[in-house]
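Please find one structure pasted underneath; my questions will follow.
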Amino acid sequence: MLGLLVGLVTMGLGLSPASADTATTQSSSEPTTASAEESRAAQGSDGTAGATSASASTDPAGKTIVFGIPGLTINDIDAERTPNLYRLLSEGAAANLNVRTIGSATCPASGWLSFGAGSRAQAGPTPDAEAADESDSARCPAMIAPTTDVDSDSIDSDEGASEPIHEGATGADSAAGSDETHARKSVAGATTARIDDFDSVKEPNIGSGYSVDYGMLARAVADRGKVVPEGTAAEAEDSILEPCVAAEGPGAAYAAADEDGVVTNYAEDANATDCRLDVVDLGAIGIRSWLYDPIPNYSYTVPPNVDREDRVAEADRRLGVRLKEVRENAKDGAADPTVIVAGLGDSSGLPQLRAFIASGPGVEPSSLSSPTTRTPGLLQITDLAPGILDLLDVPSSSGISFTQTPTDDDPQTRIDDLVADAQKSTSIYAHLSTFSITLDIVFYCLFIACGLLLSRSILGRRGGATLAPLVHRSLGWISLGIAALPMGAFLAGLIPWSRMNQPDLGLLLSVLGTAAALFAVSLIPPWGRSWRGRVGALSAANIVILSADLATGSHLQANSLLGYNPIVGGRYYGLGNQGAAIFIVSLFVFLGLLVSWLRARGHRKAVIVVPLIIGLAAVFVSGNPSWGAKFGGTIAILAGLMVLLALLSKIRLSLLRLGLIGLASLAVLIGIAFLDWLRPAGSRSHFGTFFDQIVTGEALQVIGRKLGANLHIIQINPALAIVTPLAVIAVLFFLRYLVVFPRFAANGFSGSGHGGSGQGGSRAGRLANKWRGKLPQVFADSDLHFGFLAAVTGLGVGLVLTDSGVAVPSTGAMVLLPFLLALSADHAEDVVAGPRTRPSSGDGSTSTDTDSDSDSDTVTGAEEVSR
């Protein structure tokens, strides 16, 4: 079975999207002076700077300029108010930008620092709110302006001391010496500067669980060296730009500074330099309580009564002035510049998706994405540095590049589409807590309802025996409706509720409407005639919907109340934690019902073969790096499947065998991760990324960060954390009863009458017999019992092995417990009625249920559980 699984997933690896750059990338530790052959190899395959015939001449590449405007959103762009931004978007590509770094919201300083490092980073020092305004609470640190009158000797000394931690600082490079020294010299129009007390800026990243390579973007450009493209005419070589990054403004200095806070090329006008890449800080759009900075002219000090539209218009005016300067300062004979505008950070305490626009040679009207998001019109801040390096034909270790999805839509339609996507993300983010708390409350109510099932005698008092069946059936209908609610949260993505006048109301109606539709599907005959059929139809629908969504791009998982949110940015495609929990529970409950149905009809061989086929297909859907890409969830499904097959095959489980099942599941997934790791870095999924972290020694750091995320979930949502132990009590207690009671009863105890007042047997047996008839009789079906055991196993493994794993059993319990109550309604008449005939899961024959504690019933129950 394991060999078949590996073969299936290996085949699935070939279904993944092709890497944007399948060629082997060069290390940034190469010598800075490239040979002619290296220069030709370094040219991109997209035609923007490719090699030409020997007889043709190629214009040298123009500048690439990044204008940072923290707080800018796509919704701010308007043809009249922001004509320059509108024109850039009309001519080029655009996307919503996730700017999350380490905290829930990203200060501009953190955004700039993360942009330059190509990784998540947080900038200090801790802000002093009282120093900014005693009557207002500032939430962001003041950005430290770089100092230009620094001692060059001290900088040279610091650089020499820090060279060993840089890429490219090998012995051979040190021997050459001249190239590295030249790369650190400032170009004409720029000077060397330093951010004082840069250690306080870096301090929040110590122990954060993230590795930050400060100034990676600037260093990669400098290490690449000056490259003369093949076919460049001799007279045009003077137009080739210098391999450096010019920084203008405090934010740009944060992006270009190395680990010592040194900015090699700091300029008052970055566009006037000859650097290949300019990074310009145009200021931020924000509110007073969020942004403050003592540095004038960069708009980080916000007036108390600022109008956002005025601020956006001012940012656009500044952009227009700079674009005019770019055209005036362009080198003769060079190609047109590439202009990038990015909202590098949030502007208030409410995080949102920000704006990203790119325009220039080779960029057509389109939506941008990256291999990390796989979603047109969506980028994350850590994609920007490697994506820009790719535009410059500079290799990066991540292999990430921008992917364009061309469109013929007019600019306003493109803006409306991106705004709708951003609005969807914001609405989902704002209502996550409310939806989660609502599910918590519903779960607590169902838990109490389970307590009623344990106390049927309460319903039987004062004539309540006739009311008990009605109570149980009512709970069954309510539970079935609640069980449809989680999948309704996913199916709501099929409705364009974010375009409604009231998106919040649209979201609510979409969730309730799709859940009601799914509930109605479960009532369609023939399966809708019984509780088992209804639960089976609902669980099967969950499996099919999730599988189809994962195979077609995970569109329902994204921007879902139970999926993942682009603003949070932990995952952009594949199977999320809460989706995995629903998938696990639905899979094994459905398999338990299916096996019971097959056994009752005498299909003995199918009892093993059918669950094996369906289970392996589920593992493939979850584990395929192009579909589910769920590492811990796939192990959980595989472990649950092995437990189910072992129970159906009458293999007695022990702690040792359970441990072997876990190790085998982990080994299979490590093998899949290794195969995924062999692919180019830009096309790896979470599997390959995790294996790379094992190779580089970062795995323990990542695991520690994931454990911290679990603790954070418990801290911010203790109600959700309580769900897990309650679910364990509710489900495992039922399961344990069915294992323990028949064993005691079969060992000589003979009860007569309800309550266990018979003679003989052990005290434990007499105590267990008192509970007979007070628990859901659905577990008398051993096959369904095994399905629940497999589901609980999968949720337990998911708790341990998935990031933010506490959400797995908590969400799973919110589906598992409603299924249990709905299935229990099938035995509602057992409380007051006499014997009823039902199929036995053991041999396909029929058996009789009664409320009496007869020996025959006891022995039959023991035989069923033993089987």
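Side chains included, hydrogens not; waters and symmetry mates left out as well; all remaining heavy atoms used.
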Practice task
Decide whether Ser186 and Thr192 meet the rule of one side-chain donor and one side-chain acceptor closer than 3.5 Å.
Solution key: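 Indeed, the side chains of Ser186 and Thr192 share at least one donor-acceptor pair under 3.5 Å.
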Handout entry: Donor-acceptor contact present, side-chain Thr273 to main-chain Ala270, <3.5 Å
Key =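 The answer is yes, because a donor-acceptor pair under 3.5 Å joins these two groups.
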Exercise for the section: Please name the pair of heavy atoms, one in Tyr254 and one in Ile144, separated by the smallest distance, quoted to 0.1 Å. Expected result: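 So the two residues come closest at OH-N, 3.0 Å.
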Handout entry: Under the side chain to side chain donor-acceptor pair (under 3.5 Å) test, residues paired with Asp274 that sit two or more places apart
Key =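 Applying side chain to side chain donor-acceptor pair (under 3.5 Å) to Asp274 gives none.
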Problem - Side-chain heavy-atom pair Asp281, Pro250 within 4.5 angstrom cut-off - result: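 Sidechains of Pro250 and Asp281: in contact.
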Practice task
Report yes or no: does Asn98 contribute a side-chain atom to a donor-acceptor pair with the main-chain N or O of Pro566 at less than 3.5 Å?
Solution key: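 Answer holds: yes.
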Exercise for the section: Specify the closest pair of heavy atoms between Gln380 and Leu97, including all atoms of both residues, with the distance to one decimal. Expected result: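 Closest approach of Gln380 to Leu97, heavy atoms only: C-CD1, 3.7 Å.
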Practice task
Could you check Tyr573 against Thr372 for side chain to side chain contact (heavy atoms under 4.5 Å, CB included), going step by step and ending with a plain yes or no?
Solution key: CA-CA 8 Å; Tyr573 64 92; Thr372 65; 6.0 Å; no
Problem - Shortest non-hydrogen contact from Ala95 toward Ile74 - result: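 In this case the closest contact between Ala95 and Ile74 is O-CD1, 4.0 Å.
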Problem - Check: Val363 and Phe402 side chains under 4.5 Å, non-hydrogen atoms - result: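 No, their side chains stay 4.5 Å or more apart.
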Handout entry: Student check: side-chain heavy atoms of Glu259 and Lys202 closer than 4.5 Å
Key =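 Glu259 reaches Lys202 side chain to side chain.
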Practice task
Under the side chain to side chain donor-acceptor pair (under 3.5 Å) rule, collect the residues that match up with Thr375, sequence neighbours excluded.
Solution key: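 Listed in chain order: nothing, the list is empty.
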Exercise for the section: Please name the pair of heavy atoms, one in Asp76 and one in Gly71, separated by the smallest distance, quoted to 0.1 Å. Expected result: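 It is OD2-O, 3.9 Å.
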Exercise for the section: Please answer whether the main-chain N or O of Leu85 pairs with a side-chain N or O of Asp316 as donor and acceptor at a distance below 3.5 Å. Expected result: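 Side chain of Asp316 to backbone of Leu85: a pair is present.
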Practice task
Kindly say whether Leu282 contributes a backbone atom to a donor-acceptor pair with the side chain of Arg318 at under 3.5 angstrom?
Solution key: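 Yes; at least one donor-acceptor contact below 3.5 Å.
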Handout entry: Presence of salt bridge, Glu242 and Lys185, under 4.0 angstrom
Key =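 Judged by the 4.0 Å cut-off on N to carboxylate O distance, Lys185 and Glu242 do not form a salt bridge.
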Practice task
Please determine, by modelled atom types, if Thr147 and Asp196 share a side-chain donor-acceptor pair under 3.5 angstrom.
Solution key: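 Yes, side-chain donor-acceptor contact under 3.5 Å.
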Exercise for the section: Considering non-hydrogen atoms only, spot the tightest contact between Tyr564 and Gly574 and give its length. Expected result: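 So the minimum-distance heavy-atom pair works out to OH-O, 2.7 Å.
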Practice task
Please examine the side chains of Pro395 and Arg224, heavy atoms only from C-beta on, and report whether any two atoms are closer than 4.5 Å.
Solution key: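 They are in side-chain contact.
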Practice task
For Thr73 and Ala355, indicate whether the former's side chain and the latter's backbone hold a donor-acceptor pair under 3.5 Å.
Solution key: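 Side chain of Thr73 to backbone of Ala355: no pair is present.
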Handout entry: Among Leu217, Ile65, Leu389, side chain to side chain contact (heavy atoms under 4.5 Å, CB included) partner for Leu277
Key =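 Result for side chain to side chain contact (heavy atoms under 4.5 Å, CB included) with Leu277: Leu217.
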Exercise for the section: Say whether, by atom type as modelled, one donor and one acceptor occur between the side chain of Asp278 and the main chain of Val66 under 3.5 angstrom. Expected result: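 Absent.
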Practice task
Please name the pair of heavy atoms, one in Phe356 and one in Ala358, separated by the smallest distance, quoted to 0.1 Å.
Solution key: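 Scanning both residues, the minimum pair turns out to be CE2-CB, 4.1 Å.
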Problem - Arg194 and Val263, any side-chain heavy atoms less than 4.5 Å apart - result: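 Not touching, per the 4.5 Å side-chain cut-off.
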Problem - Partners meeting side chain to side chain contact (heavy atoms under 4.5 Å, CB included) with Ser110 (sequence neighbours left out) - result: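 Ser110 satisfies side chain to side chain contact (heavy atoms under 4.5 Å, CB included) with Thr101, Thr106, Cys107, Gln122, Ala123 once adjacent residues are dropped.
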Problem - Heavy-atom donor-acceptor pair, Thr403 side chain to Ser370 backbone, under 3.5 Å - result: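 No: the side chain of Thr403 does not pair with the backbone of Ser370.
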Practice task
Indicate yes or no for a side-chain donor-acceptor contact from Thr373 to the backbone of Leu378 under 3.5 Å, with no hydrogens or angles considered.
Solution key: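 Yes.
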Exercise for the section: Have a look at Tyr214 and tell me which of Asp258, Asp260, Asn205 forms a side-chain hydrogen bond (donor to acceptor under 3.5 Å, both in side chains) with it. Expected result: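 Per the side-chain hydrogen bond (donor to acceptor under 3.5 Å, both in side chains) rule, the option paired with Tyr214 is Asn205, out of Asp258, Asp260, Asn205.
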Handout entry: No-hydrogen, no-angle side-chain donor-acceptor test under 3.5 Å, Asn96 and Arg354
Key =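 Arg354 and Asn96 do not have a side-chain donor-acceptor pair below 3.5 Å.
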Handout entry: Any donor-acceptor N/O pair, Arg276 side chain to Leu392 backbone, under 3.5 Å
Key =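 Yes; judged by distance alone, with no hydrogens or angles, the pair exists.
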Problem - Ile381/Arg100 under side chain to side chain contact (heavy atoms under 4.5 Å, CB included): CA gap, chis, key distance, verdict - result: CA-CA 7 Å; Ile381 195 169; Arg100 187 183 180 100; over 6 Å; no
Handout entry: Student check: side-chain heavy atoms of Asn84 and Arg87 closer than 4.5 Å
Key =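 In contact.
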Problem - Residue pair Leu384 / Leu344, side-chain heavy-atom distance below 4.5 Å - result: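 In contact.
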Exercise for the section: Decide, yes or no, whether a salt bridge links Asp336 with Arg327 under the criterion of side-chain N to carboxylate O below 4.0 Å. Expected result: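 Looking at Arg327 together with Asp336, the answer is no, because their closest N to O distance does not fall below 4.0 Å.
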Exercise for the section: Taking the side chain as every heavy atom from C-beta outward, state whether Ile340 and Phe67 have any atom pair closer than 4.5 Å. Expected result: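 No, side chains not in contact.
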Problem - Asn265 side chain to Val187 backbone, donor-acceptor under 3.5 Å - result: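 Side chain of Asn265 to backbone of Val187, a donor-acceptor pair under 3.5 Å: yes, one is there.
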